[in-house]
Student: 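Below is one structure. I have some questions about it.
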There are 2 protein chains.
Amino acid sequence: MKKLTSEFSKIKSIYNTGKDLKLSDFLLLIKSAKLKRFNKGDLIMEAGSHSKEVFYFNNGLARMYVIKENGDEVTVGFRRENQVIGSYDTILFERTNQVYIQALEPTTTLSIDYDTIFEIMYKSPVLMKNLYLVFADLLKTTITRLESFVLLTPEERYFDFVKNNPELVKRIHDKHLANFLGITPVSISRIKSRQTA
Amino acid sequence: MKKLTSEFSKIKSIYNTGKDLKLSDFLLLIKSAKLKRFNKGDLIMEAGSHSKEVFYFNNGLARMYVIKENGDEVTVGFRRENQVIGSYDTILFERTNQVYIQALEPTTTLSIDYDTIFEIMYKSPVLMKNLYLVFADLLKTTITRLESFVLLTPEERYFDFVKNNPELVKRIHDKHLANFLGITPVSISRIKSRQTA
DNA sequence: AAAAAAACTTAACAATTGTTAAGTGCTACA
DNA sequence: TGTAGCACTTAACAATTGTTAAGTTTTTTT
C-alpha cells in the first residue's frame, strides 16, 4: 500500500492533478501504467507508430529526432528526469508519428496511454484545466524556442542555450546540440574557438 | 433578435463551442464583447499592456511585432479575417505584454476579455475541451513554424511560405515577411532575383 | 590493453547572409 | 501635380555558415 500511495502521488505530480483525481480513476491509470527500462542508445519510440503513449522520465535522458528526406537525422528536443514526452504527431496532429525518441543515458520511464489520461481528465473541469495547463506550458516552451530562432543569430542561440541549460550541455553531444540549434557541429566548434580566442 | 442569433453563432464559431454554450453564458460574453475599427497603421494592442483582450478579426489584416533592445522591429506573426489573436505574454506567461499588434489594412475586430471566456468555459468539461483544442491548434501552428526554422535554410523557408500562403504574400510587405522569416529584406530581394535568373 | 568507432577540431573553399549605401520606383499627402 | 517618404532592388564588401576532408582525441568494444 505504501508503494501504491507513492505511485499515486507520482502520477498526481506528473499531471498536476492536485487532489481532484479520484482513487477509482487513479487505479485505472495505475493499472495501465507501464514501467520500462532503456539502455543508452535504445529507441523509446519509433517513427511509423500510431501509439499515444505518454512517457514520464523517472531518470535518464533522451533526445527526440526526425529523419529528413535526405537521410539526415535532426535532433528536435531533449527530455530528462521528471519530464514528460509523447508524440505530437499522434496526440495532437492525429497522424503517423515521425519522431524517434532515443535514450542517451540509462533511462527508466513510466508510461500511460494518452486516451486513458484524457478519458479520466475529461470527467472534471479541474482536471481538464490541468491538462490544458500542460499544453499551455508546452506552448510557452515552443514559443520561447521559436523566438530564439527569429531573434538570435546561430552564435547567439548557442550561447543562449549554454547559459540557460548549463547542466544539460554537459550531458549531451555537441553534434546533437548543433542540429537542435539549426547549425552544424563544425560551426559549433568554430563558435567555441572564437569565444576562447 | 436576428442580430443576436448571428452574433451567437459567430461567438460559437470563434471558440468552437458547438452547442454546449448556454444562452445565459452567451449573453455574458456578448455583453462584454466590443466591436472596434482600426485604420491602416493603427495599433490594436501595445507593449506594456496587461490586457487579456482576445480579438476576433471580422475582416482586415494585422501584424504582430516586438521591438528588440537595439530598437529593431521584428514581425512575429500575421492575423487576418476569421482569425483570433491575444497576448501570449498576459494570457499564458502572466507577464507584461511585449507584442504590438498593428493593422495593415482597415480592420474590424470583436473582442472579449480572456478571463471572461475562461470563467464560462471552466464550468463545463466540453467547453474546457474546446479551449484546450484552441491551444492545441496554436501549438500545432507554432511547432510547424519552428520546424521550418530548424529544418529549412532561409531560402527554402521563403519559398515554403510563399507556396503555403500565396494570397497572404500579396497583402504584406517583403520587409515584414523578411523578418518574420528571420532574414533581411535585402536577402529576400536576392532570393527572388536568384529564382528568376 | 589494443583496436575500432565515434566525437571533436581544424583547415580550405564555396555559397549565403548581413551590412551599408546608392539608386529606382511607387504611393501618399500636401 | 509635384514633392516627400517609403519600399524595393542592386552592388560591393565583410563575416558567418555549410561542406568536405584530414587529423586528433575520446569513448567503446573486443
Side-chain angles (χ1 to χ4, degrees), chain A residues 38-43 61-63 65 67-75 78 100 102-107 148-162 168-197, chain B residues 38-43 61 63 65 68-75 78 102-106 148-162 168-197:
Chain A
F38 301 93
N39 293 317
K40 186 173 172 177
D42 286 356
L43 286 180
L61 176 67
R63 72 179 178 114
Y65 67 93
I67 296 182
K68 290 208 288 183
E69 291 152 12
N70 63 16
D72 286 357
E73 277 185 15
V74 180
T75 299
F78 301 98
Y100 294 81
Q102 182 187 44
L104 298 178
E105 297 175 359
T107 296
S148 81
F149 275 87
V150 177
L151 302 175
L152 307 179
T153 65
E155 179 168 335
E156 290 168 333
R157 209 149 59 235
Y158 171 76
F159 287 123
D160 195 58
F161 186 90
V162 171
L168 188 58
V169 168
K170 294 174 197 153
R171 295 163 70 184
I172 60 179
H173 285 150
D174 281 357
K175 182 184 159 184
H176 295 145
L177 176 56
N179 53 45
F180 176 72
L181 297 175
I183 52 186
T184 61
V186 175
S187 202
I188 286 237
S189 256
R190 281 187 295 223
I191 288 169
K192 284 197 287 187
S193 71
R194 266 202 304 268
Q195 177 69 350
T196 30
Chain B
F38 301 93
N39 293 318
K40 187 172 171 175
D42 286 356
L43 286 179
L61 176 68
R63 72 179 178 114
Y65 67 92
K68 290 207 290 184
E69 292 151 11
N70 63 16
D72 286 356
E73 278 186 14
V74 180
T75 300
F78 301 98
Q102 181 188 42
L104 298 178
E105 298 175 0
S148 82
F149 274 87
V150 177
L151 302 175
L152 306 179
T153 64
E155 179 168 336
E156 290 168 333
R157 209 150 59 235
Y158 170 76
F159 287 123
D160 196 59
F161 185 90
V162 171
L168 189 57
V169 169
K170 294 173 197 155
R171 294 164 68 184
I172 60 180
H173 285 151
D174 280 358
K175 183 184 158 186
H176 296 145
L177 175 55
N179 53 44
F180 177 71
L181 296 175
I183 52 186
T184 60
V186 175
S187 203
I188 287 239
S189 256
R190 281 188 294 224
I191 288 169
K192 285 197 287 189
S193 70
R194 265 203 304 268
Q195 177 69 350
T196 31

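Note on naming: letters A, B, ... go to the chains in the order of the sequence lines (proteins, then strands), and numbering restarts at 1 for each one. Model, not experiment: these values are computed from the prediction.
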Student: Could you tell me whether B/Pro185 contacts a base, only the sugar-phosphate backbone, or nothing, with contacts defined as non-hydrogen atoms closer than 4.0 Å?
Tutor: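 B/Pro185: no heavy atom of the nucleic acid under 4.0 Å.
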Student: Within the 4.5 Å heavy-atom criterion, are A/Phe161 and A/Phe180 side-chain neighbours or not?
Tutor: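 SC-SC contact between A/Phe161 and A/Phe180 confirmed.
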Student: Only counting residues at least two apart or in another chain, list the ones meeting salt bridge (charged side-chain N to carboxylate O under 4.0 Å, His left out) with B/Asp174.
Tutor: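 Once residues adjacent in sequence are excluded, the partners of B/Asp174 under the salt bridge (charged side-chain N to carboxylate O under 4.0 Å, His left out) criterion are B/Lys192.
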Student: Between C1' on D/dT27 and CD on A/Glu105, what's the gap in Å once rounded to a whole number?
Tutor: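 One finds 15 Å between C1' of D/dT27 and CD of A/Glu105, rounded.
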Student: With heavy atoms of chain A within less than 4.0 Å as the criterion, where does contact along DNA chain C begin and end?
Tutor: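 Both ends considered, the range comes out as C/dA7 to C/dA12.
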Student: So that I can tick it off, tell me whether B/Glu155 and B/Arg194 are bridged by a salt bridge, with the cut-off set at under 4.0 angstrom between side-chain N and carboxylate O.
Tutor: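 Yes.
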Student: Base, sugar-phosphate alone, or nothing: which one does B/Ile188 contact when heavy atoms must sit under 4.0 Å apart?
Tutor: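 Answer is nothing: B/Ile188 stays at 4.0 Å or more from every strand.
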Student: Closest nucleotide of DNA chain D for B/Arg190 versus for B/Asp174: which of these residues is on the 5' side?
Tutor: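 That would be B/Asp174.
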Student: Under 4.0 Å, counting only non-hydrogen atoms across every strand here, what does A/Gly41 touch: a base, just sugar-phosphate, or nothing?
Tutor: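 Contact class for A/Gly41: none.
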Student: Kindly say whether A/Glu105 contributes a backbone atom to a donor-acceptor pair with the side chain of A/Thr107 at under 3.5 angstrom?
Tutor: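 At least one qualifying donor-acceptor pair exists.
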Student: In terms of side-chain heavy atoms, does B/Thr75 have a donor or acceptor partner in B/Arg63 at a distance below 3.5 Å?
Tutor: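 Yes - a donor-acceptor pair under 3.5 Å links their side chains.
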Student: State whether the side chain of B/Gln102 and the backbone N or O of B/Gly41 hold a donor-acceptor pair below 3.5 Å, judged by distance alone.
Tutor: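 Indeed, once roles are kept as given, a pair shorter than 3.5 Å links the two residues.
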Student: More 5' along DNA chain C: A/His173 or B/Ser187, using each one's nearest nucleotide?
Tutor: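 Its nearest nucleotide lies further toward 5', so the answer is A/His173.
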Student: Please compare A/His176 and A/Val186 by the position of their nearest nucleotide in DNA chain C and report the one closer to 5'.
Tutor: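 Result: A/His176.
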